[in-house]
Amino acid sequence: MTGPAGDPTSRTPSGTPGTAGAAGTSGTAGAAAGGMAAPGGAGGTARTAAGTGHRGARTARFDLLVVGDANPDVLVSGAPETPPAGQAETLVDSGTLALGGSAAIVAHGAARLGLSTALAAMVGRDAAGDFVLDTLSAAGVDISGCVRHESLPTALTVCLNRPDGDRAILTAPGCLPAFGPEHVPAMTARHVHTASYFLQPRLAAGLAGLLAGFTRAGATTSLDTNDDPAGGWRLAPGLLAACDVLLPNEAEALALAAALPAGPVADAHPVWPGAEEAPAALAGALAALTAAGPITVAKRGGRGAVARSGDVLLGARGPALTPVDTVGAGDGFDAGFLAGWLASGDLAEALRWGCACGALSTRATGGTAGQATAAEAAALAVQVQVTGAGRA
């Protein structure tokens with residue numbers, strides 16, 4: 001097939017671009033802690049010597065379709081804040097190669113939780129692309145919706161992790177800007193999640209229409225924009241209205257609200273449940289974003305999360321864990337939140353699973369090595385305290 005603006009791409013065998021199909025459902029396993037049904041078994045794929053095998057994207061029914069970025073992460077710990085130049089070699093504490101890309105990490109985490117999960121993404125026809133697809137396939141993610149660019153490389157991210165938990169992120173976008181809605185194949189899914197909006201301009205330009213098509217087919221939708229390297233933070237008209245759930249972190253929520261045409265608004269509920277969990281600026285940002293259409297959930301790292309759905313206001317905080325590495329914790333939260341949401345339809349329960357999975361993902365280096373199983377998530381979710389009440 002021929003990609004946008006003459007950029008050649010190829011799909012894994014039998015996959016073709018298309019539009020959303022009718023929404024489907026898949027079975028669930030037995031009950032988890034708290035009375036919530038645990039997510040069902042994942043539908044996997046297998047890479048063969050000839051390429052990437054799959055189970056047939058256009059006929060399979062998935063719990064979750066994730067659309068967005070996929071790349072390797074090179075995680076470096078112990079690097080100086082500014083590495084010396086002059087061809088000087090600097091020794092660091094550790095270096096790890098791991099699956100990266102917000103969408104890929106969410107898909108990997110959802111499959112580990114037992115959701116039947118597919119990913120639509122673009123990688124290059126290179127060793128980095130092989131690594132990404134092999135890692136996802138081994139985790140049970142259906143990759144028949146992934147395309148390979150014939151000339152542009154797979155994106156690559158280098159994370160320089162600091163002892164205080166902060167990190168500098170360097171990303172070579174590779175083929176990400178070439179990925180667009182036309183590359184997303186016809187798949188049936190209960191929910192469609194998209195990620196890394198600002199790294200994929202072709203996808204961003206048509207995302208509202210793409211999500212609207214999935215909504216008409218019966219799916220629910222969500223968006224985690226992630227960071228905007230350009231600092232503009234403007235979303236396409238109608239995009240928030242096309243999303244059922246928006247999943248930024250606190251800084252992203254503030255920036256997205258400030259970039260709205262009307263700007264942030266005063267919160268009509270100045271006293272939130274657990275007022276310390278929602279400072280005035282964040283409360284106003286959530287009010288503005290939710291007014292545009294979606295349930296808005298702001299992730300706050302070790303301080304948990306806050307959420308707004310209409311007039312329903314919730315704060316959630318889990319037990320304190322000592323993190324090994326926080327890379328991908330927000331994506332782990334997304335996977336857990338969506339698993340809880342699809343299993344229960346309850347915003348409070350989804351927050352519990354999001355907080356549990358976000359925390360557990362920090363147990364190991366990288367975004368996927370510490371991701372939770374359904375049993376692990378359920379055991380920790382019951383310890384997450386949710387203030388406020390309501391069903392979205």
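It should be emphasised that the depicted structure is a prediction, and the values quoted were computed from it without experimental measurement.
- Using a 4.5 Å heavy-atom cutoff, the side chains of Leu223 and Leu207 are in contact.
- The shortest side-chain heavy-atom distance between His108 and Asp331 does not fall under the 4.5 Å cut-off.
- Side-chain N/O atoms of Ser222 and His191 include a donor and acceptor closer than 3.5 Å.
- Between Cys146 atom SG and Leu133 atom CG the span is 5.5 Å, to the nearest 0.5 Å.
- Considering only heavy atoms from C-beta on, Phe179 stays 4.5 Å or farther from His149 through its side chain.
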Return a table of donor-acceptor pairs under 3.5 angstrom between the side chains of residues 285-296 and protein atoms on other chains or two or more places apart.
unit_1	atom_1	unit_2	atom_2	d
Thr290	OG1	Leu286	O	2.8
Thr290	OG1	Thr296	OG1	3.2

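- Side chains of Thr154 and Asp126: a donor-acceptor N/O pair is present below 3.5 angstrom, by distance only.
- Judged purely by distance below 3.5 Å, without hydrogens or angles, the side chains of Thr326 and Arg167 pair a donor atom with an acceptor atom.
- When all heavy atoms of Thr220 and Asp244 are compared, the closest pair comes out as CA-OD2, 3.2 Å.
- By the criterion of side-chain heavy atoms lying less than 4.5 angstrom apart, applied directly or through intervening Ile, Leu, Val, Met, Phe, Trp or Tyr residues, Leu75 is not grouped with Leu156; the two fall into different hydrophobic clusters.
- Within the 4.5 Å cutoff, the side chain of Phe131 has no heavy atoms near those of the Asn71 side chain.
- No side-chain heavy atom of Val141 sits less than 4.5 Å from a side-chain heavy atom of Thr135.
- The pair Arg148-Asp130 meets the salt-bridge criterion, since a charged nitrogen lies less than 4.0 angstrom from a carboxylate oxygen.
- By the side chain to side chain donor-acceptor pair (under 3.5 Å) test, Ser196 pairs with Asp69, Asn226, sequence neighbours left out.
- In the hydrophobic cluster analysis, where Ile, Leu, Val, Met, Phe, Trp and Tyr join through side-chain heavy atoms closer than 4.5 angstrom, Leu176 is grouped apart from Val66.
- A heavy-atom distance below 4.5 Å is not found between the side chains of His183 and Leu203.
- Side-chain contact check for Leu235 versus Phe198: some heavy-atom pair is nearer than 4.5 Å.
- A salt bridge links Arg202 with Glu182: at least one charged nitrogen is closer than 4.0 Å to a carboxylate oxygen.
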